[in-house]
Amino acid sequence: MRDKGIVVTADEDVAQVEVQCFIESCQNCSAKSLCIGQNQSKGLLTARNTLHACPGDEVEIEIPDTKYSRALILLFGSLLVASLLGIGLGSLLSPLLPFSSSVSSLLGLLGALVIAGIVLFRYFKVKNKASLYPVIVTIMKKEEGQR
Amino acid sequence: MELVAIFVTAILINNFVLRYFLGICPFLGVSKKIDSAISMGLAVTFVMTITAAVSWVINHWILIPLKLDYLQIVSFILVIASLVQLVEMFIRKISPPLYEALGIYLPLITTNCAIFFLALMASLRDYSFLESVIFGVGSGLGFTLAIILMAAIREQLDLADVPEALKGAGIALIVAGIMALAFLGFSGMIK
């Protein structure tokens, strides 16, 4: 998905882009404050600034929405599988442990969630840098003072 | 056998969306693309599973022994909101761009009445811990099945010649109604 916006701040390879359409599509939504903040009038996105756009430039950004969906499927899918494995293992091992079945299942669930959390944290640490940030693909209009 | 019955019933017969009409907001709002429907379904299933486990613990280890059953509704709301907040904090920590992209997506889960219904239903039916979790997983997968089917139909509908007046929410509600009728066919499958 592509979107247009204005660069607000730019440091080396990362820029904050004020995205216009967030507001247009959210104008009548009663949950707007949850997304973009009560007093904030425009949506801000952090984008990779490979074209070295400067503050004030009007840019087009590519939002990797398919990658977001896949990342979410991976994230919640693995958390779900881990929690089910944890509960199952806890329940199976309960005769060997000095706890009741429900306590060992709960401990299994907590353990599995912690392990899955650590694995996901390490995985996304690499993934973030690689592909999940939106990218500035075109500088449509340079800020007047920079020409 | 009892666990299998609870699982299958929750997915097909007493499907939260198509039988009880719960969770309609994300069902209609996030069912335009199959990819996003799958991720929403998995997110809801995960939150439902954890909610079933945590609400069972709170109900059986705190509320019932202290005779505070009347606080069930408040406690369950608190459990669901806290869980979603925790998931949100976790996502913000592991992947800031994903967190930014999610927007209203996660709060939609908190306001999903299906999750609250699950916690109340598990308590009313006096399920054991394992039964409660299986009920949570089954209900979540039932929600996922319904939302994926809906997304698949809506993707096809984009190519169909839908009358102008029915485009958007109109045709989506008609499709949901027909799907609910189709799912009625499963009733009586397990006695």
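In what follows, every chain begins at residue 1, and chains take the letters A, B, ... in the order their sequences are listed. Every value quoted in this text rests on a predicted model; they were computed, and no experiment measured them.
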Check whether any side-chain heavy atom of [X] sits under 4.5 Å from a side-chain heavy atom of [Y], and report yes or no.
X     : Y      : value
A:L72 : B:L42  : no
A:S69 : B:I38  : no
B:T49 : A:L109 : no
A:L75 : B:I94  : yes
A:Y68 : B:S39  : no

Crowding at [atom1], [X] (>12 non-hydrogen neighbours, <6.0 Å):
X      : atom1 : result
B:M89  : CE    : no
B:E155 : CD    : yes
B:R125 : CZ    : yes
B:L166 : CG    : yes

Do [X] and [Y] share a hydrophobic cluster, counting only Ile, Leu, Val, Met, Phe, Trp and Tyr and linking them when any side-chain heavy atoms are less than 4.5 Å apart?
X      : Y      : value
B:L157 : B:I34  : yes
B:L83  : B:I77  : yes
A:I73  : A:V81  : no
B:I178 : B:L18  : yes
B:V162 : B:L149 : yes

Query raised in the report: How close do B:F90 and A:G117 get, heavy atom to heavy atom, and via which atoms?
Result: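 Closest approach of B:F90 to A:G117, heavy atoms only: CZ-CA, 3.7 Å.
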Report task. Quick one: closest heavy-atom pair of A:S102 and B:W61, and the distance? Result ->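 Nearest heavy atoms, A:S102 then B:W61: OG-CZ2, 4.1 Å.
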Roughly how far apart are [X] [atom1] and [Y] [atom2], rounded to 0.5 Å?
X      : Y      : atom1 : atom2 : answer
B:F129 : A:I87  : CZ    : CD1   : 5.0 Å
B:F46  : A:S83  : CZ    : OG    : 5.5 Å
B:S95  : A:F121 : OG    : CZ    : 11.0 Å
B:T144 : A:F76  : OG1   : CZ    : 11.5 Å

Query raised in the report: Can you say whether A:L79 sits under 4.5 Å from chain B via the side chain, the backbone, both, or neither, judging by heavy atoms?
Result: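 A:L79 touches chain B through backbone and side-chain heavy atoms alike.
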Query raised in the report: Measuring heavy-atom distances to chain B, does A:S91 have an atom under 4.5 Å in its side chain, in its backbone, in both, or in neither?
Result: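 When you check distances to chain B, only side chain atoms of A:S91 fall under 4.5 Å.
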Name the region of [X], side chain, backbone, both or neither, that has any atom closer than 4.5 Å to a heavy atom of chain A.
X      : value
B:I134 : neither
B:V47  : neither
B:V54  : neither

Query raised in the report: Among A:S101, A:A71, A:S105, who wins on heavy-atom pairs under 4.5 Å with chain B?
Result: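 Looking at each of A:S101, A:A71, A:S105 in turn, A:S105 comes out on top.
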